Structure formats: structure tokens, C-alpha cells
Number of protein chains: 2
Amino acid sequence: MKMDERKQKVLQAIILDYIATAEPVGSRTISRKYNLGVSPATVRNEMADLEELGLIEQPHTSAGRIPSQSGYRYYVDCLMEKEPLDRDIKDMISKAMMVRIRETEALIQVSSKLLSQLTNYTALVLAPALGRNALRHLQILPIDDSKAVVVMVLDNGHVEHKVIDVPGGLNHEDFTAISRVLNERLYGLSVEQWRPTILQTIYHELLYQKKLLNSVIELVENAISLEEENKVYLGGTLNILNQPEFKDIEKVKGLLELLEQEAAIKEVLHPAPEAGITVKIGSENIHQSMKNCSLITATYHLNGRVIGTLGVLGPTRMEYSKAVSILEYITEALSKAITRL
Amino acid sequence: MKMDERKQKVLQAIILDYIATAEPVGSRTISRKYNLGVSPATVRNEMADLEELGLIEQPHTSAGRIPSQSGYRYYVDCLMEKEPLDRDIKDMISKAMMVRIRETEALIQVSSKLLSQLTNYTALVLAPALGRNALRHLQILPIDDSKAVVVMVLDNGHVEHKVIDVPGGLNHEDFTAISRVLNERLYGLSVEQWRPTILQTIYHELLYQKKLLNSVIELVENAISLEEENKVYLGGTLNILNQPEFKDIEKVKGLLELLEQEAAIKEVLHPAPEAGITVKIGSENIHQSMKNCSLITATYHLNGRVIGTLGVLGPTRMEYSKAVSILEYITEALSKAITRL
DNA sequence: TTTAGCACTCGATAGAGGGGAGTGCTAACA
DNA sequence: TGTTAGCACTCCCCTCTATCGAGTGCTAAA
């Protein structure tokens, strides 16, 4: 059996109606609301075929049809038309990104918020892995006899600080010396590149002053462990509570718990392919508690390289078209904004 | 009518049983499970009295009794006995606090996590207002022509950084000069005390170099706005989903939304009185969505001054005794740990 | 004052019946 | 050959009813 044009239209009608109403769709509804120019009986025949193809299913004998997972897949791959965004939505996004923002982190947070507000779904954002950014400046500021704070400025404008323990007996000059050596040797290198370099040079330079060695080692180790991870930002976590399919608390609990686990979200967002938009529907997602959900992801870029992922998480009965349009536009705006930094 | 000892025992039995089971308690249950030495009929008479006193109520004619809000209030004020904590729970708390922690923030997070895990309720923690801590060190590090990062170290060990815009044309020496002046003038003062001082001295010192002035002003303003607020930490937000009274998603939604609003939580935790433990039951709480909840709060201290609040949020049918014990112990441990810093 | 006995109330649960939305099949029609 | 009208059928959903039982309040006896 082949998917002729009318079957496609019927499938599309079923999906659009089900997305809008969350109720099984009957043949009468389709023939009336979506003017296909054929009678309900004809639609019924088509529906029987679509069911045989596995694209739609019946909750029970005397109910209408709902899209199956394969049905959504077919829709996303073949039928979905891009929804043009309203002027004012585009403006809102551009404006929010133009805000005088000084750090990547703030841009990411804005994106996450926008994405969840505009889609009414949950937004997941994987921030850039800082480990790849080159060091622009590193400074060690002593706090007291046993502590110091390391401040690292990366070339993407990101700043991190971390308090570390240092052995006693170091004076101001020692810290200045260490800072100087570290700056000289590490400038322009990304954190990922530190480990090999560090061992060769720092040891040499500072060997004359043995007591500094341990603190330097600890500093670097700390800094590395700090910077290697990329953070996750969420927006609109509670939006799923508005979906009728999640009215049962047991279904929503697992999902909310999953969203609290940063590691799980990273896992979900991380293996984003090089290509732009990806849609994972229902059980295409790894996690059990996402089997009634769909996740749309997109990657954002800096200088042509993928540096992070944006995602929209909603029910499988999701407004794919709208979500994809918004996600695409925000992703693009974010990429541009980051490039501007 | 007076509360004789037997009425108290009956009330206590009703509350304890209802807390344990979440089901209305009948006279038969009380006379059998809690050995008062009287028959169900006698208990029924007492219950009629307790209902007249407004301490218990009937969901419907042929059901058992449940505690009213006043009933819980009476229990908390007069009947509740402190539950001694298990040795291993105490150990767990002490151990977690002993962990080699360098910042107040980390201690607060640990406390929040402990509190929610041990009680199975939601933990709310109001961190100390940093504005009151004296400055130990302030440094401005230039990033590029138009940006610099300000690093502030407070005397409680807390470190904050913030990226600021600076006018062009400043060189390294300028920054060093600004840092030096600021450090000299602001050392030992809390952020709260800055505003009056700043205007008098900084202006004088730096007036000779007009172009610096604007950047300094901005710096200070930024720093102040940054430090004045005290942050809120949550733990176990989803624990309420385990409570049978919140099986309905509509009831839980408002509460979760409330917990996402930092301002609301501050408001709830802030007006903590000087005294130690406070219990707010049901509609004693301001927020509509907390009318089925109770909130137990306690303050923690540094040098005898209140610096923050810990709170446990659960259903009105809460294990008050256990929650209070755990909260007290953690609060004390936190106060001690902060003092050690 | 306490207790046993008893009628009564009312939620919870299960089953019966009607209504209705939607289907699949058949036969007629273009 | 594809499309459509007609019709019987299925099965969810809602309501109504009956039954059950936990728990009560009242009364009278101990």
C-alpha cells in the first residue's frame, strides 16, 4: 500500500486535530473541518489503510484515531510545513538577545527563558564546554594564610572563580610570581590543553621554590575539574503540568525527577549530531520517563563549530511545527549573539 | 469545657494516627491501638467534646475525625514531645558539616540537602545577606578595552565576581590605582556601609583623573546591587509529590510554582522572629497555595546575631516532632560550622 | 461516669441501563 | 472502480440504584 496524496492529507488532519484537542479524531470531524472534499465514509476507508500502515491507532473500537509514534515520525519527516513566525515574536527574540549582556551565561539563560515561554514547553540548554576556550587571564588572589581565590578569564568573556587551599608561609610576592608564570605559560591555551603543557614548564620554572609546587598543582587540578564540565540550564520546567496527558501525578513525577538530574539532561542533549534540528519522538528517547515525550534539539555555533545544544521537551502530542520554528530562530539568534561577544 | 488529661491523650492519639495514615481516625482505632483503658463509646464522647472545642473535625457524618488547624496548633504548642534523634542521623549531619568546605554557600547547600533528605519534606534555606560582611579584598582585573572583572572577597570567606563595562583608554596602571584606592578605603566595611563612604572619599582620591570616575561609580553600584540580596536554596522540591494529599495535580501546581519564585520564598522566610523555632500551620501562612501546608522555620546565627533561616515545608499533616528535631539539630550544626570559618 | 446496644448516616463500590460517538460493512450510485 | 449513504454494532461514559460497612450519636443499663 502506498501513501497517496489523500492519505497524507488525512494523516495530517488527524495529527493537527489531535495536537490541538488531545482527543481522538473521528472521520466526520476530518471530512467537515478539513475540507478534503470527500465524505466521512471515504475518510474511514483511508483511516483503515493508515492504521494498517501503523501510522494511526484506535484507543478502543468505537473511538476516533490518534497518531501513533510512527505517525508523528512520518509527519515530522514528510508532512510538516514550517510555520512562519509572527513579526512580534521575532522582535521579542531579537530584542532580548540585544540586551546589553556581558557574559555567555546570561545569553544562555535568556534563550532558555524565551524558548520555554514562547513554546509553553520545557526548555533545556547545554552551555558551551568552557574547557575549549583559551585562557586570557589568570590571577591568584590570597585571602588569608591558608586560602586563595583563583580567577580565570576566558577569551569568550566567561569568568570563573574558585577558592583553593594553599600551604602556609606564602607571601604576596610568591603569589605574584606564581600568577606571572602561570599567565605566561598558559595564555591562549584552552583548559583542555593545560595538562600536558603544565607538567613540562611550570615545574621547571618554579622548581627553585619547592614550597610553591604543591599549591600550583592543586590550583591547576582544581581549575581543570571546574572548567571541563558544561552546565545545563532549564526553563519552564512546570509547563508539562499544563498538558492534559500529564494530569496523572505518577506520570509527571518521573519526568520532573529526571529534569532535576543534571547528568541525565547532559546525556540527552550531548550526543547532538552535527546537523541542525533533531526530533526524538516517544520511545526514541532513552529514558523511560520520556516515553510520552518528544524532544526537539538544535545546536548553536561559534565560528562554524558546534558549542552547545538547545532543546524543547513536550508531550509527543506537541506542536512540532511551531516549536521547530521558534527553536530555529532562537538558536540562530543565540549563535549570532555569542559571535558578537 | 476544659481540656483534661484524657482529652489531651485522645487528641494526641488522633493527630499521631492521622499523621501516620492520612485517614480519618475512628473511636475504635483509638481505644484499641492507643491503650487509654477506656471503651470506644467513651472515646466518642471525648471526641464530641474535642469537636465542639474546634480541635478536630469530621469530613462527613459517618467518617472518623481528622485534626483541625487549631488541633495541630494545640498539639504543637502543648502536646508535642521532642523526638530524640538516632545516633546515626546525628552522625550523618555532623559528618556532612565537617566536610572540608571553603565557602558558606557550600555549607548552606549541604544543610538544605540534609534537611530535605532526612525529613522527606521540602527544605528552604535563606542564605546570609552578604551585604553585612566586611570586605577583605577587592580587585579589578581588566579583560579587554571595554570590560573588567571585579573580584570581591568578604571576611566570611565568600567570593563574588562580576563583569563590568569600563570606558576605553584605561591602562594597567589605572586599574591598579583604582584597586588600591578602593581597597584602602573600603577594607573592613560591609557593602551596606559603602554608599555613604564612597561618595566622600573615592571622589576625592580619584578626582584628579576624571575619566576613572564613571567606571568607579558603575563598579560600586554593580557591586552593591549584587551583594545586597540574600539567596535562597531549595532541597527536595519534589518530595511533596509523595504526599497523598497532593495527589491532585491542581493542588500541587500552585505550590511548585510558588517555590520557583525566589521572592516569595524570601518573603516567607524573612520575617523570622528572633526566637528559635517557629511553626506556621495551614492558613497561618500568607500564600494561598500553602494553605494545606505547614512551614517550620529556625534561624541560624553567627556571633549571636541571626544571619539566616532554615525552613521545612510539608503538608499540615506533617511529622512535626521529627521535623522539629532534625531542623533544630541541623540549624545548630550549621551555626557552629559557619562560626568555624 | 462508663459502657453496651442499636438505629442511622453517608461515602465507597459495583452493577445495570441508556446515550452517543464512531466504526466497519454492504449495497447502490456515478 | 472509486465514492457514498445507510445501518447495525461496539464500547466508553454517565447516571442511577443497591448494597456494604465503617463510624457515629443516642439511650439505657451497669
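In what follows, every heavy atom counts, from backbone to side chain, and hydrogens, waters and symmetry copies are set aside. None of the values given here were measured: they were computed from a predicted structure. Throughout, a chain's letter reflects where its sequence line sits, starting with A, and its residues are numbered from 1.
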Looking only at side-chain N and O atoms, does A:Arg65 come under 4.0 Å of OP1 or OP2 in C:dT23? yes
Position toward the 5' end of DNA chain C (nearest nucleotide), A:Asn45 or B:Pro40: B:Pro40
Short N-O contact, B:Lys82 and B:Glu328, less than 4.0 angstrom: yes
For B:Glu52 and D:dG25, give me the distance from atom CD to atom C1', rounded to whole Å. 14 Å
Distance check needed: D:dT24 P versus B:Glu46 CD, whole Å only. 13 Å
D:dT4, OP1 or OP2 - any side-chain N/O from A:Arg28 closer than 4.0 Å? no
To the nearest Å, how far apart are A:Asp49 CG and D:dT3 C1'? 14 Å
Identify, between B:Ala41 and B:Ser62, the residue whose nearest nucleotide on DNA chain D lies closer to the 5' end. B:Ser62
Nearest-Å distance for atom pair CD1/P, residues B:Ile30 and D:dA22: 17 Å
Between B:Glu83 and B:Lys322 (salt bridge meaning N to carboxylate O under 4.0 Å), is one present in this structure? no
Between D:dG6, C:dC10, D:dG25, which nucleotide gets closest to the side-chain atoms of A:Arg44? D:dG6
State, without any angle test, whether A:Gln69 and A:Ser283 hold a side-chain donor-acceptor pair at a distance under 3.5 Å. yes
Should B:Ser39 be listed as having a side-chain N or O under 4.0 Å from OP1 or OP2 of C:dT3? yes
Counting only side-chain N and O atoms of B:Thr61, is one of them less than 4.0 Å from OP1 or OP2 of D:dG23? no
Determine the contact category for B:Thr42: base if any of its heavy atoms lies under 4.0 Å from a base atom, sugar-phosphate if only primed atoms, P, OP1 or OP2 are that close, otherwise nothing. base
Rounded interatomic separation in angstrom, taking CG from A:Asp4 and P from D:dG2: 11 Å
Residues B:Asp77, B:Arg73: salt bridge by 4.0 Å N-O rule: yes
Output yes when B:Glu57 and B:Arg65 qualify as a salt bridge under the 4.0 Å nitrogen-oxygen rule, no when they do not. no
Using whole Å, report how far NE2 of B:His60 lies from P of D:dG21. 16 Å
Please state how far atom CG in B:Asp17 lies from atom C1' in D:dG23, giving the value in whole angstrom units. 14 Å
What's the CE-P distance between B:Met47 and D:dA22, to the nearest Å? 16 Å
